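Written out below as structure tokens is the structure these notes cover.
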Number of protein chains: 2
Amino acid sequence: MLSIANTTSGAGGACPVSAVTRLLGSRWTMQLIHHLRQPRRYSELQALVGEVNPATFTQRLRFLEQQELIMRHEDPEHARHVEYALTPKGRELLPILDALAAWAQKWLLV
Amino acid sequence: MLSIANTTSGAGGACPVSAVTRLLGSRWTMQLIHHLRQPRRYSELQALVGEVNPATFTQRLRFLEQQELIMRHEDPEHARHVEYALTPKGRELLPILDALAAWAQKWLLV
DNA sequence: CCGTATCCACCATGATACTG
DNA sequence: CAGTATCATGGTGGATACGG
């Protein structure tokens, strides 16, 4: 039994729910993880996510890398070929994203 | 099989993942829903969530009400007694919040 | 191809005080 | 008790241009 109530009660303690919000709440973050279901190159991701400004985009990638949700792999022989992929930590978020998407399709779309 | 890929590919179409971010990404939102697992009064919620400024707090409640994730119930006989509760739409988010909390406990906490 | 460097606007959030 | 009214602020994300 998960004692979620315990971890979130009291005032202002570090609660997992708010931690997750800080981690995933910023714009583009969830989309990025979702599209990294399979490894992708920078430009691929950019195209999939849509019109994002490159500064924000890179910042998001760096942050996710720092949090060890994604890994950056640069091919040493073709230096301009960079791929991003999910770590195990990041991959375990996918079923949850699926559940959120299912919820959205049930309640948000016609 | 959920065709999530379809709904998010292409550029900038309304994708469920980003819709959910807009809905739940703001501060306090997830905590609020989480604590409304059982019906709560305004001041109860305030105490549970922690130090929130009342303007933001009310704004969030109004937004969630407008999105039909929560319901506001004011007792007509004791006008200063207000309770908030989840709608079915909001309630179906709880298992997902649980999953997120479980993920956080596995990967975020020591 | 994969970014970095600036600069800027806006809006989300907060602080504080007050009220039906 | 359950909010509303103001005002301030900071940091998030965007536009644009440039670089290894």
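Letters A, B, ... are given to chains in the order of the sequence lines, protein chains preceding strands, and every chain is numbered from 1. Since this is a predicted model, take the numbers as computed values, not measurements. Values below: all heavy atoms of this structure, side chains included; hydrogens, waters and symmetry mates excluded.
Here the C1' atom of nucleotide C:dC1 and the NE2 atom of A:His73 are 16 Å apart, to the nearest Å. Note: CZ (A:Arg41) to P (C:dC1) measures 7 Å, nearest angstrom. Summarising the geometry, the separation between CG on A:Leu32 and C1' on D:dG13 is reported as 14 Å, rounded to the nearest angstrom. A:Glu83 has its CD atom 13 Å from the C1' atom of C:dC1, to the nearest Å. Atom CD of B:Glu51 and atom P of C:dG14 are 10 Å apart (whole Å). In this entry the distance linking CZ of B:Phe57 with C1' of D:dC1 reads 13 Å, nearest Å. Here C:dC2 presents its P atom at 14 Å from CD1 of A:Ile70, a figure rounded to the nearest Å. Rounded to whole angstrom, the span from the CD atom of A:Glu44 across to the C1' atom of C:dC2 amounts to 13 Å.
Within the model, atoms NZ of A:Lys89 and CG of B:Leu108 stand 5.5 Å from one another, a figure rounded to the nearest 0.5 Å. The line from CZ of B:Arg72 to CD of B:Gln66 is 14.5 Å long, rounded to the nearest 0.5 Å. B:Leu32 CG to B:Arg27 CZ: the interatomic distance, rounded to the nearest 0.5 Å, is 12.5 Å.
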Identify all pairs in which a protein N or O lies below 3.5 Å from an N or O of nucleotides 3-5 of chain C, and state each distance.
from: C:dG3; atom 1: OP1; to: A:Arg62; atom 2: NH2; distance (Å): 3.1
from: C:dG3; atom 1: OP1; to: A:Arg72; atom 2: NH1; distance (Å): 2.3
from: C:dG3; atom 1: OP2; to: A:Arg72; atom 2: NH1; distance (Å): 3.4
from: C:dG3; atom 1: OP2; to: A:Tyr84; atom 2: OH; distance (Å): 2.7
from: C:dT4; atom 1: OP1; to: A:Arg62; atom 2: NH2; distance (Å): 3.4

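Counting only heavy atoms from C-beta on, B:Arg80 has its side chain closest to C:dG20 among C:dG14, C:dC2, C:dG20.
One finds no side-chain N or O of B:Ser26 lying less than 4.0 angstrom from the OP1 or OP2 phosphate oxygen of C:dA12. Side-chain nitrogen and oxygen atoms of B:Arg60 include none within less than 4.0 Å of the OP1 or OP2 phosphate oxygen of C:dA12. Contact annotation: B:Arg27 side-chain N/O to C:dG14 OP1/OP2 distance is under 4.0 Å.
In the helix from C:dC1-D:dG20 to C:dG20-D:dC1, the end axes, each obtained as the rotation axis mapping the C1' atoms of four pairs onto the next four within a five-pair block, lie 60° apart to the nearest 10 degrees.
Between A:Ile70 and A:Arg60 the shortest side-chain heavy-atom distance does not fall below 4.5 Å. Inter-residue side-chain proximity for B:Phe63 and B:Thr29 is flagged as unmet; no heavy-atom pair is nearer than 4.5 Å. A 4.5 Å side-chain heavy-atom check between B:Leu64 and B:Tyr84 finds every atom pair outside the cut-off. With contacts defined as side-chain heavy-atom distances shorter than 4.5 Å, the pair B:Trp28/A:Thr21 does not qualify. Looking at heavy atoms from C-beta onward, A:Leu93 lies in side-chain contact with A:Leu24 at the 4.5 angstrom threshold.
A salt bridge between A:Arg41 and A:Asp75 is absent, with no side-chain N of the basic residue lying under 4.0 Å from a carboxylate O of the acidic one.
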